[in-house]
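Numbers here are sequence positions counted from 1.
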Amino acid sequence: MTHRSTALLTGASAGFGLALARSLIGRGWRVIGTARRADRLVRAGSELGEAFLAVPGDIADPAHRAELAETAGEFGHLDLVVNNASRLGPSPLPRLANYPLDQLELVYRTNVIAPLAVLQFALPLLDPDGVAVNISSDAGVEPYPDWGGYGSSKAALDQLTAILAAEHPELSIYAFDPGDMRTEMHQAAFPGDDISDRPEPETVVPALLRLIEQRPRNGRYTVADFAAGVGR
């Protein structure tokens, strides 16, 4: 029986996640995709066909994660896990001194707790040459004013990823910063601004695919690192 590569992808209904799903399926993969907006996920499934298994729900909801774990377990293995789903927080972005703490908690549930929870059930399903990727942001490294909620959550995700990688040196575990992209979430961060100069998500996907294919040492990488590839 031919082994079919299987990916678990969160935030798969739009933007970078949908672009990645398209590319993987175009390469013969099966994708288990999830997203909060069921209507968008259904549309993505209609476009992508039988190779895309839509499991709608909020990744921050433990009940939905249990459903995802059951679905992934039915295939018996995973070759790739990409934690792409993110929550920006309030728009316009508030400064930390005025940040609503209930909203900050939601950001951390989606951007930090949920990716770890996904990997807790997904890592045992990863094939020996499988890859896990947490999508990061330069806001997790640079202290941009007004980005304290989202940025600090991505900094926490980066450290979480680094520790998981140290604890599982036999696996390929990465944080990947795709840079600014022309997405709905990026637009929400700059309401009223023209972001048409940002690259389309489809143009960034090849860099992530090179990371997945080349499997460098575990660490944090940016799209620039894979503009022309990077070695071990």
Side-chain angles (χ1 to χ4, degrees), residues 5-29 31 33 44 48 78-86 88 111 115 119 126-127 129-144 147 150-166 168-169 171-190 193-232:
S5 296
T6 302
L8 174 60
L9 172 60
T10 71
S13 66
F16 187 66
L18 179 56
L20 177 58
R22 285 193 189 107
S23 290
L24 289 172
I25 289 171
R27 290 168 173 237
W29 286 60
V31 175
L48 298 173
L78 291 170
D79 300 274
L80 173 65
V81 181
V82 180
N83 279 306
N84 171 67
S86 289
L88 177 67
N111 297 0
L119 290 175
L126 269 184
D127 283 353
D129 60 348
V131 179
V133 182
N134 289 328
I135 299 301
S136 185
S137 169
D138 65 332
V141 178
E142 298 294 336
Y144 300 124
W147 283 83
Y150 182 83
S152 63
S153 74
K154 289 298 184 177
L157 181 63
D158 281 352
Q159 180 68 349
L160 178 154
T161 307
I163 292 171
L164 279 172
H168 298 274
L171 299 175
S172 297
I173 301 177
Y174 307 112
F176 178 74
D177 174 7
D180 291 350
M181 293 179 288
R182 200 182 313 170
T183 62
E184 184 177 331
M185 190 175 76
H186 198 75
Q187 183 66 76
F190 300 96
D193 288 2
D194 180 7
I195 64 165
S196 61
D197 60 327
R198 275 69 165 185
E200 293 281 7
E202 289 79 5
T203 67
V204 179
V205 166
L208 178 55
L209 294 177
R210 280 193 284 272
L211 168 63
I212 294 166
E213 290 165 358
Q214 294 179 19
R215 290 177 175 80
R217 66 177 62 88
N218 288 347
R220 184 185 192 279
Y221 295 94
T222 71
V223 62
D225 292 323
F226 288 87
V230 62
R232 287 185 181 271

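The backbone N or O of I135 sits less than 3.5 Å from a side-chain atom of K154, completing a donor-acceptor pair. Between the N111 side chain and the S153 main chain, no donor and acceptor come within less than 3.5 Å of each other. In this structure, the side chain of T203 engages the main chain of E200 through a donor-acceptor pair within 3.5 Å. Looking only at distances, no side-chain donor or acceptor of T6 sits under 3.5 Å from a matching main-chain atom of D79. Listed for the Y174 side chain is a donor-acceptor partner under 3.5 Å among the backbone atoms of P216. Without hydrogens or angle criteria, R215 side chain to S172 main chain gives no donor-acceptor distance under 3.5 Å.
Nearest heavy atom pair, residue A155 against residue G140, reads CB-O, 3.3 Å. Counting all heavy atoms, side chain and backbone alike, G33 lies closest to A12 at CA-CB, 3.8 Å. Shown here for A207 and F226, the closest heavy-atom pair between the two residues is O-CB, 3.5 Å. The two residues G17 and L9 have their closest heavy-atom pair at O-CD2, 3.2 Å. Shortest non-hydrogen contact noted between A7 and L24 is CB-CD1, 4.0 Å. Minimum heavy-atom separation, S136 to P178: O-CD, 3.5 Å.
Annotation: side chain of L20 is in contact with side chain of L208 (closest heavy-atom distance under 4.5 Å). The shortest distance between side-chain heavy atoms of L78 and D127 does not fall below 4.5 Å. Contact annotation: the side chain of L80 approaches that of I212 to within less than 4.5 Å [non-hydrogen atoms, C-beta and beyond]. Under the 4.5 Å side-chain criterion, counting only non-hydrogen atoms from C-beta, S137 is not in contact with W147.
In this structure, CG on L164 lies 10.5 Å from CD on Q159, to the nearest 0.5 angstrom. Interatomic distance, CZ of R210 versus OH of Y221, reported as 14.5 Å (0.5 Å rounding). One distance of note links OG1 of T161 with CD1 of I173; it measures 8.5 Å at 0.5 Å rounding. For the atom pair CG (L119) and CG (L8), the distance works out to 9.0 Å, reported to the nearest 0.5 Å.
Residues passing the salt bridge (charged side-chain N to carboxylate O under 4.0 Å, His left out) test with D177, sequence neighbours excluded: R220. For N83, the side-chain hydrogen bond (donor to acceptor under 3.5 Å, both in side chains) criterion is met by N134, not counting sequence neighbours. For E213, the side-chain hydrogen bond (donor to acceptor under 3.5 Å, both in side chains) partners two or more places apart in sequence, or in a different chain, are R27.
Aromatic ring orientation, F16 versus F176: parallel (interplanar angle below 30°, classes split at 30° and 60°).
S23 pairs with exactly one of L209, V31, L18 by the side-chain contact (heavy atoms from CB on, under 4.5 Å) rule, that one being L209.
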